[in-house]
*Asks:* 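My questions will all concern the structure given below.
Here the structure is a predicted model, which is why all the values come from computation and not from measurement.
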Amino acid sequence: KAEETGIKAPETPITVDNAKALTPENKKAVEDAVKKANPKLPADAKIEVGDDGAVTVKDKDGKVLGTIPAEKTVKQDENKLGVKAPEAVEVADPENVTPEEQGKIKEAIKKANPDLNLTDDDITVDNKGNATVTKDGKSATLTPAQTVKKAEETGIKAPETPITVD
């Protein structure tokens, strides 16, 4: 149906390590491929690439000019595992993710990927929030940007200088 909208899909889908959670570089490659396939797009058109590679093209006013389904823009690298990025887990210190927080990240990854039937043994998470998922000899990596976010501060701050009490 992409033809009806006048927006053409790229000739060949981009092969990516993880078709369910594209990296910014993957998204840029998809955007460039869509631009190349549609040389007549207005210069101010916006090409939005979803985490799964689905594309929505809008004009400068936000009106949708056309969409391209993910399967026409990206292709899963056969040697890698496609894993959806989870809902980011709030952690106290993103530079030092505790074992308990690592467990929450594993749970979030399992919840985001029910189709993979993952167990804790399939997922490793380091103290920075990097997660590696391995299943059936294929693996996928999720970055801390995809797995953790700094917990909101409570807003209660200690005084700058402690008060001296006699």
*Asks:* For Glu90 versus Glu101, what's the shortest heavy-atom pair and its separation?
*Replies:*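 Taking Glu90 first and Glu101 second, the nearest heavy atoms are O-OE2, 4.4 Å.
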*Asks:* Mind checking the CG-NZ spacing from Asn113 to Lys84? Nearest 0.5 Å is all I need.
*Replies:* 6.0 Å
*Asks:* Throw together a table of side-chain donor-acceptor distances under 3.5 angstrom for residues 125-132, partners on residues two or more places apart or in other chains.
*Replies:*
residue, atom, partner, partner atom, Å
Asp126, OD1, Lys128, N, 2.8
Asp126, OD1, Gly129, N, 3.0
Asp126, OD1, Asn130, N, 2.9
Asp126, OD2, Asn130, ND2, 3.0
Lys128, NZ, Glu95, O, 3.0

*Asks:* Is any NZ, NE, NH1 or NH2 atom of the basic residue among Lys104 and Glu107 found under 4.0 Å from an Asp or Glu carboxylate oxygen of the other?
*Replies:*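 Judged by the 4.0 Å cut-off on N to carboxylate O distance, Lys104 and Glu107 do not form a salt bridge.
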*Asks:* Dump the intermediate steps for side-chain contact (heavy atoms from CB on, under 4.5 Å) on Val133 and Leu81, then the final yes or no.
*Replies:* CA-CA 8 Å; Val133 181; Leu81 188 66; 3.8 Å; yes
*Asks:* What are the two closest heavy atoms between Ala112 and Ala85, and how far apart are they?
*Replies:* CB-O, 4.0 Å
*Asks:* One pair to check against side-chain contact (heavy atoms from CB on, under 4.5 Å): Leu142 and Val83. What are the steps and the verdict?
*Replies:* CA-CA 8 Å; Leu142 295 169; Val83 176; 4.1 Å; yes
*Asks:* To the closest 0.5 Å, what do you measure between CD (Gln146) and CG (Leu22)?
*Replies:*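 Here the interatomic distance stands at 9.5 Å.
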*Asks:* First locate atom CG of Asn18, then atom CD of Gln76, and finally report the distance between them rounded to the nearest 0.5 Å.
*Replies:*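 That separation rounds to 6.0 Å.
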*Asks:* With the threshold set at 4.0 Å, does a side-chain nitrogen-carboxylate oxygen contact exist between Asp122 and Lys135?
*Replies:*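 Between Lys135 and Asp122 there is a salt bridge, with a charged N closer than 4.0 Å to a carboxylate O.
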*Asks:* Before giving the answer on side-chain contact (heavy atoms from CB on, under 4.5 Å), spell out for Val16 and Asp77 the whole-Å C-alpha distance, their side-chain angles and the decisive distance to 0.1 Å.
*Replies:* CA-CA 5 Å; Val16 294; Asp77 180 332; over 6 Å; no
*Asks:* Is it true that Thr98 and Glu100 share a donor-acceptor pair across their side chains at a distance under 3.5 Å?
*Replies:*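 Side-chain D/A pair, Glu100 to Thr98: absent.
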*Asks:* Ion pair present between Asp32 and Lys36, side-chain N to carboxylate O less than 4.0 angstrom?
*Replies:*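 Looking at Lys36 together with Asp32, the answer is no, because their closest N to O distance does not fall below 4.0 Å.
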*Asks:* Out of curiosity, Ile14 CD1 to Glu25 CD, how far, rounded to the nearest 0.5 Å?
*Replies:*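 Output value for this atom pair is 12.5 Å.
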*Asks:* What salt bridge (charged side-chain N to carboxylate O under 4.0 Å, His left out) pairs are there with at least one residue in residues 40-49, not counting sequence neighbours?
*Replies:*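 Checked against salt bridge (charged side-chain N to carboxylate O under 4.0 Å, His left out) - neighbours excluded - the pairs reaching residues 40-49 are Glu48-Lys58.
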*Asks:* Heavy atoms, side chains only, cut-off 4.5 Å: are Val64 and Val57 in contact?
*Replies:* no
*Asks:* Rounded to the nearest 0.5 Å, what's the gap from CG on Asn79 to CG on Asp17? Could you check?
*Replies:* 9.5 Å
*Asks:* If you look at every heavy atom in Ala45 and Leu41, which pair is closest and at what distance?
*Replies:* CB-CD2, 4.4 Å
*Asks:* Give me the one residue out of Val74, Asp52, Asp115, Asp51 that meets side-chain contact (heavy atoms from CB on, under 4.5 Å) with Lys20.
*Replies:*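 Single pass found, and it is Asp115.
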*Asks:* Would you mind checking if Glu31 and Lys35 are paired as a salt bridge, meaning a charged N to carboxylate O distance below 4.0 Å?
*Replies:*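 Looking at Lys35 and Glu31, the cut-off is met.
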*Asks:* Tell me whether Thr73 contacts the main-chain N or O of Gly53 through its side chain, where contact means a donor paired with an acceptor under 3.5 Å.
*Replies:* yes
*Asks:* Return the minimal non-hydrogen interatomic distance between Ala37 and Pro10, and the atom names on each side.
*Replies:* CB-CA, 3.9 Å
*Asks:* Of all the heavy-atom pairs spanning Ile7 and Gly66, show the shortest one and how long it is.
*Replies:*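 Closest approach of Ile7 to Gly66: CG1-CA, 3.7 Å.
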*Asks:* What closest approach, in Å, do Asp120 and Lys106 show between heavy atoms, and which atom pair accounts for it?
*Replies:* O-NZ, 3.5 Å
*Asks:* Just so I know, are the side chains of Ile123 and Lys110 near enough to count as touching, which here means a heavy-atom distance under 4.5 Å?
*Replies:* yes
